[in-house]
There are 2 protein chains.
Amino acid sequence: MSQGHRHEEDCCGAGPGDRVQTAVQRMKDRAMRVTAPRLRMLKVLAAARHPLSAEQIHEAAGDDQLDLVTVYRSLGAMDDAGIVQRHPLERGRSLYALVSPGHHHHHVICRRCGRIERLPGCDTSRLEAAARAKGFGDLTHVMEIYGVCPACAQPSHA
Amino acid sequence: MSQGHRHEEDCCGAGPGDRVQTAVQRMKDRAMRVTAPRLRMLKVLAAARHPLSAEQIHEAAGDDQLDLVTVYRSLGAMDDAGIVQRHPLERGRSLYALVSPGHHHHHVICRRCGRIERLPGCDTSRLEAAARAKGFGDLTHVMEIYGVCPACAQPSHA
DNA sequence: GTCCGTGCAAATCATTTGCACTTCT
DNA sequence: AGAAGTGCAAATGATTTGCACGGAC
C-alpha cells in the first residue's frame, strides 16, 4: 500500500483542516469527547485520498501515540455518528474514510497489490428502491469493485 | 472467468436437481473431483432460496458427514471455478450461493435479524466501465444492501 | 466530580493452513 | 499410480471485550 503519490486534494473544496474541523464539530454536537488520539486519527483521515484500514490509521497517527484498540473503538463510534464511512470488504477487512456529504462514491480495489482508486457516482438507487418496496427501511449499502490494476497486469510483473 | 451460456432451459425452469447436475458438469469440465462431501454441499446449495454461510451449509449437509474445513475449501474451489458466488459481507462473514447464469443479482440483508431477500438486477455496469477505463481488468464486484426488515421495524419488536 | 475514553491483556470468530491419510479418475 | 480432496489440530488475523486508570467537560 505504498506509493509515493503526493496529491494535496483532488477536486472540490474543503482542505484537510476544514474537514477535521467539520468532524470535530459533529463530535461535539453528539456529545462525543474530542481527545488527542481522536484528533490524530481525524488528521490522518482528512489527509488521506482514499479509505484506510484501522492498522494504517494507527501507523500513520504514530503507533506509539495511541493504541490500536482505541483506533477501532473510535472508528466504531465515529461510524455510528456518521462521521466516517466504513467500507467492509473481502476477507473481513474494513477501510474507513471521512464522510464527505454529497460525495458518495465507491472504489476499485486491486486484488493483487491492494491499490485503491475512487470511482465517480453510485448506481444503487434502483436496487435501494426495490429494497424499500419490500418493506426494508434505514438502508445503507456496501459495494466495492475488485480487479487487477494496470501495474499488476503487466506481464513483467508476474 | 468466462461463463459459457449453453442451455437456455437452465435459465427458466431449473429445479434443484438440474442445478446440481449443472454444477457437477461444470466441475467435471474443470477437472475437479466430484466427491460425496461436495455433492452434499451442492444439494444444500441447490435447495436454498438464498445465500448460506459455510456454517449453515455444514449443518444442513449433516455436520457429522463432512468437515467444516472441507466446506470452506470446497467453497473456495467452487468460487474460483465460478460455480458458486461468494457474497462477502460485514464483519468478515461470507455467504455462498450457486451461480445461476444470467441471473446475476444482489440482496437486502436485515441488519437485526439477518433475513435475506433477493433483489432483481444489478446496476454496476457504469461503475465497472469506469474501473475498466482506469485500466483495471478482470473485474468482479461485491454489493449488498443493508436495512431493517418490516418485522424488525415493528415497534412491538423493540 | 462524572463519565467517557484509553491502554493493556486476553478473548472471539470466521476462515486458513500443515500434515498425514483417503479416494477419485 | 498419482493427483486432488479430506479430516483433525493448530494457527491466523482482524476485530472485540474486561477491567482499572486517566482525562475531557
Side-chain angles (χ1 to χ4, degrees), chain A residues 1 23-42 44 51-81 83-84 86-96 109 111 114 142 144, chain B residues 23-42 44 51-81 83-84 86-96 109 114 142 144:
Chain A
M1 258 106 295
V24 166
Q25 189 53 53
R26 290 173 95 184
M27 290 177 73
K28 286 181 177 170
D29 292 346
R30 286 254 183 176
M32 292 170 69
R33 290 183 184 165
V34 181
T35 64
R38 289 180 175 189
L39 272 174
R40 280 202 158 75
M41 291 173 59
L42 287 177
V44 170
L52 301 174
S53 68
E55 197 99 40
Q56 289 174 315
I57 295 168
H58 180 224
E59 192 175 347
D63 52 358
D64 54 335
Q65 301 295 310
L66 76 177
D67 199 281
L68 217 206
V69 175
T70 297
V71 173
Y72 276 111
R73 273 195 276 231
S74 295
L75 285 174
M78 293 179 188
D79 184 33
D80 289 345
I83 294 167
V84 302
R86 187 183 174 193
H87 295 268
L89 39 91
E90 294 182 341
R91 243 225 104 200
R93 277 173 266 250
S94 289
L95 302 179
Y96 302 82
I109 303 170
R111 224 177 262 121
V142 158
E144 307 295 342
Chain B
V24 167
Q25 189 51 54
R26 290 174 93 186
M27 289 177 72
K28 286 182 177 168
D29 292 346
R30 285 253 182 179
M32 293 170 66
R33 290 183 184 165
V34 181
T35 63
R38 289 181 173 188
L39 273 174
R40 282 203 156 75
M41 292 174 58
L42 287 177
V44 170
L52 301 174
S53 68
E55 197 100 41
Q56 290 174 313
I57 295 168
H58 180 224
E59 192 175 347
D63 52 0
D64 54 334
Q65 301 294 311
L66 76 178
D67 197 282
L68 217 206
V69 176
T70 297
V71 173
Y72 277 110
R73 274 195 275 230
S74 295
L75 284 174
M78 293 179 188
D79 184 33
D80 290 345
I83 294 168
V84 302
R86 185 182 175 196
H87 296 269
L89 38 90
E90 296 181 337
R91 241 222 111 204
R93 278 171 265 252
S94 290
L95 301 180
Y96 302 82
I109 304 170
V142 158
E144 306 297 342

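All figures in this text were calculated on a predicted structure; none of them were measured in a lab. In what follows, chains carry the letters A, B, and so on, assigned in the order in which the sequence lines appear, proteins first and then strands, with residues in each chain numbered from 1.
- Of all heavy-atom pairs between V71(B) and A54(B), the closest is CG1-O, 3.7 Å.
- Positionally, the nearest nucleotide of DNA chain C for R38(A) lies more toward the 5' end than for the other of Y96(B) and R38(A).
- Atoms CZ and CG, from R30(A) and D80(A) in turn, are 8.0 Å apart once rounded to the nearest 0.5 Å.
- Rounded to whole angstrom, the span from the NE2 atom of H87(A) across to the P atom of dA14(D) amounts to 19 Å.
- In terms of position along DNA chain C, the nucleotide closest to A54(B) lies nearer the 5' end than the nucleotide closest to the other residue of the pair K28(B) and A54(B).
- H58(A) has its NE2 atom 17 Å from the P atom of dG13(D), to the nearest Å.
- The line from CG of L75(A) to CD1 of I57(A) is 4.5 Å long, rounded to the nearest 0.5 Å.
- Taking the side-chain hydrogen bond (donor to acceptor under 3.5 Å, both in side chains) definition, one finds that S53(B) meets it with Q56(B), sequence neighbours left out.
- End-to-end axis angle of the helix from dG1(C)-dC25(D) to dA14(C)-dT12(D), from C1' rotation axes over five pairs per end: 30° (rounded to 10 degrees).
- Note on S94(A): a side-chain N or O is less than 4.0 Å away from OP1 or OP2 of dT15(D).
- Atom pair Q56(A):CD and dA14(D):P shows a separation of 11 Å (rounding to whole Å applied).
- Applying the side chain to side chain contact (heavy atoms under 4.5 Å, CB included) test to R33(B) and every residue at least two apart in sequence or in another chain returns T35(B).
- In this structure, E55(A) has no side-chain hydrogen bond (donor to acceptor under 3.5 Å, both in side chains) partners at least two apart in sequence or on a different chain.
- Considering CE of M27(B) and CE of M78(B), their distance stands at 4.5 Å, rounded to 0.5 Å.
- Contacts between residues 29-37 of chain A and DNA chain D, counted as heavy-atom distances below 4.0 Å, involve R33(A), V34(A).
- Close approach of DNA chain C to chain A, defined as any atom under 4.0 Å from a non-hydrogen atom of the protein, starts and stops at dC3(C) to dA9(C).
- H87(A) pairs by the ring pair (Phe, Tyr, Trp, His ring centres under 6.0 Å) definition with H107(A), not counting sequence neighbours.
- How far CD1 of I83(A) is from OH of Y96(A): 14.5 Å, rounded to the nearest 0.5 Å.
- Judged as a side-chain hydrogen bond (donor to acceptor under 3.5 Å, both in side chains), and not counting sequence neighbours, the contacts of S94(A) are R86(A).
- Rounding to whole angstrom units, CG of residue D80(A) and P of dT16(D) are separated by 11 Å.
- For the segment residues 59-75 of chain A, residues with any heavy atom less than 4.0 angstrom from an atom of DNA chain C are, sorted by number, Q65(A), L66(A), D67(A), V69(A), T70(A), R73(A), S74(A).
- The CG-P distance, from L95(A) to dA14(D), rounds to 12 Å in whole Å.
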Quiz: residues 59-68 of chain B side-chain donor-acceptor pairs under 3.5 angstrom, not counting sequence neighbours:
residue	atom	partner	partner atom	Å
Q65(B)	OE1	R40(B)	NH2	3.0
D67(B)	OD1	V69(B)	N	2.8

